[in-house]
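Since the structure comes first, as C-alpha cells, the remarks are kept for the end.
Being a predicted model, the structure only gives us computed values, none of them experimental. Just the heavy atoms: all of them, side chains too, but no hydrogens, waters or symmetry mates, feed the values below.
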Amino acid sequence: MRLNKILVGFLIVALVVTIFVGCSKKSETKPPEETTKSYSFKMPSGSPTGTYYITLTAIAGVVSKYEPNIVAVAVPGGGSAANCRSVGKGESLMSMTTSMVAYQAFTGTGSFQNEKYENLRSVGPAHPLIISFIVRANSNIKTVYDLKGKRIAIGEAGS
C-alpha cells in the first residue's frame, strides 16, 4: 500500500513536470516536418546513494519514457540548500529540497542570510519527511540527548 502511494506521488510529479515543460516552451512557426523538438534538462539532487538522487532518477525515467521529446536526467548534487540555490539562480529547472530549507531560501533566513530566492515555487511534496536516528543496539546512546559531545555523520554539507 505504501509503495503504491509512493508510485502515485512520483507519477503526479512527473505529470506536473511534463505539463510545466510543455507550457513553458516558446512557440515557433516552422514547417510541420521541423516542429518536433527535443527538450532536455538536468535535475541536481544529493549524493548518488541518497533519497533525492534515487527519487529524481525515477522521475526522470518516467518523464523520459512517456514523453519522447523530453530527456530528463538526475545528476548528483549538494542536497537541499545547493538545490535551492541552483533552481533559484535559474541554473536548473527543478530539483528537490525539504520544506524548511525551501522556506529559508525563499525568505533569506537560516543558512540563506543575505541571499533570497523569491522566485522559488513548490510543486508538491514527494513524501512525508520522517527522520529516524539509528544507533547500534550495544551503543550507550538511548535518546537524542545522548548525542551531545559525539561526532556524527549526516551526509553532504547543506543536505
Side-chain angles (χ1 to χ4, degrees), residues 2-26 36-136 139 141 144 147 150-159:
R2 179 177 163 96
L3 181 60
N4 287 343
K5 287 182 179 180
I6 291 171
L7 290 175
V8 169
F10 287 156
L11 292 175
I12 290 171
V13 171
L15 177 62
V16 169
V17 169
T18 303
I19 292 169
F20 175 78
V21 171
C23 293
S24 66
K25 285 195 215 174
K26 290 184 178 179
T36 303
K37 290 185 175 186
S38 177
Y39 184 82
S40 64
F41 64 96
K42 294 179 181 178
M43 299 176 288
S45 61
S47 66
T49 58
T51 305
Y52 289 0
Y53 183 78
I54 294 165
T55 303
L56 288 172
T57 298
I59 291 170
V62 171
V63 170
S64 298
K65 179 179 180 180
Y66 292 102
E67 179 46 65
N69 295 320
I70 298 175
V71 178
V73 179
V75 294
S80 291
N83 294 346
C84 284
R85 286 184 177 99
S86 181
V87 174
K89 291 177 180 176
E91 298 168 352
S92 303
L93 177 65
M94 70 171 285
S95 188
M96 291 181 74
T97 187
T98 63
S99 55
M100 180 187 73
V101 173
Y103 173 80
Q104 290 175 345
F106 184 80
T107 59
T109 58
S111 62
F112 291 88
Q113 294 291 329
N114 300 320
E115 57 180 322
K116 211 176 201 182
Y117 299 101
E118 294 179 320
N119 60 347
L120 290 179
R121 296 296 180 269
S122 175
V123 174
H127 62 85
L129 182 60
I130 299 170
I131 297 174
S132 296
F133 290 97
I134 58 173
V135 296
R136 295 177 54 94
S139 166
I141 299 171
V144 72
L147 294 173
K150 306 278 192 294
R151 292 182 60 150
I152 61 170
I154 58 169
E156 299 291 325
S159 73

All side-chain contact (heavy atoms from CB on, under 4.5 Å) counterparts of T107, not counting sequence neighbours: Y103, T109

Minimal non-hydrogen separation, S139 against I141, with atom names: OG-N, 2.9 Å

Here the pair of heavy atoms bringing L93 nearest to V87 is O-CG1, 4.1 Å

Please report the closest heavy-atom contact between T97 and S80, naming both atoms and the distance. OG1-CB, 3.2 Å

CZ (F106) and CD (E118) are apart, to the nearest 0.5 Å, by 5.5 Å

Can you find a pair of side-chain heavy atoms, one from V123 and one from M94, that are under 4.5 Å apart? no

Qualifying residues under side-chain contact (heavy atoms from CB on, under 4.5 Å), relative to S45, sequence neighbours excluded: Y52, Y53, L56

Does F112 have any side-chain contact (heavy atoms from CB on, under 4.5 Å) partners at least two apart in sequence or in another chain, and if so, which? A81, C84, R85, V101, Q104, A105, E115, Y117

Residues in salt bridge (charged side-chain N to carboxylate O under 4.0 Å, His left out) with K89, at least two apart? none

Salt bridge (Lys or Arg N to Asp or Glu O under 4.0 Å): pairs with one or both residues in residues 43-55, sequence neighbours excluded: none

Checking S64 side chain against A72 main chain: does a donor-acceptor pair fall under 3.5 Å? yes

Distance from S86 atom OG to M43 atom CE, nearest 0.5 Å? 12.0 Å

May I have all residue pairs that pass salt bridge (Lys or Arg N to Asp or Glu O under 4.0 Å) and include part of residues 38-63, sequence neighbours excluded? none

Given side chains that start at C-beta, do those of E67 and Y39 come closer than 4.5 Å, heavy atoms only? no

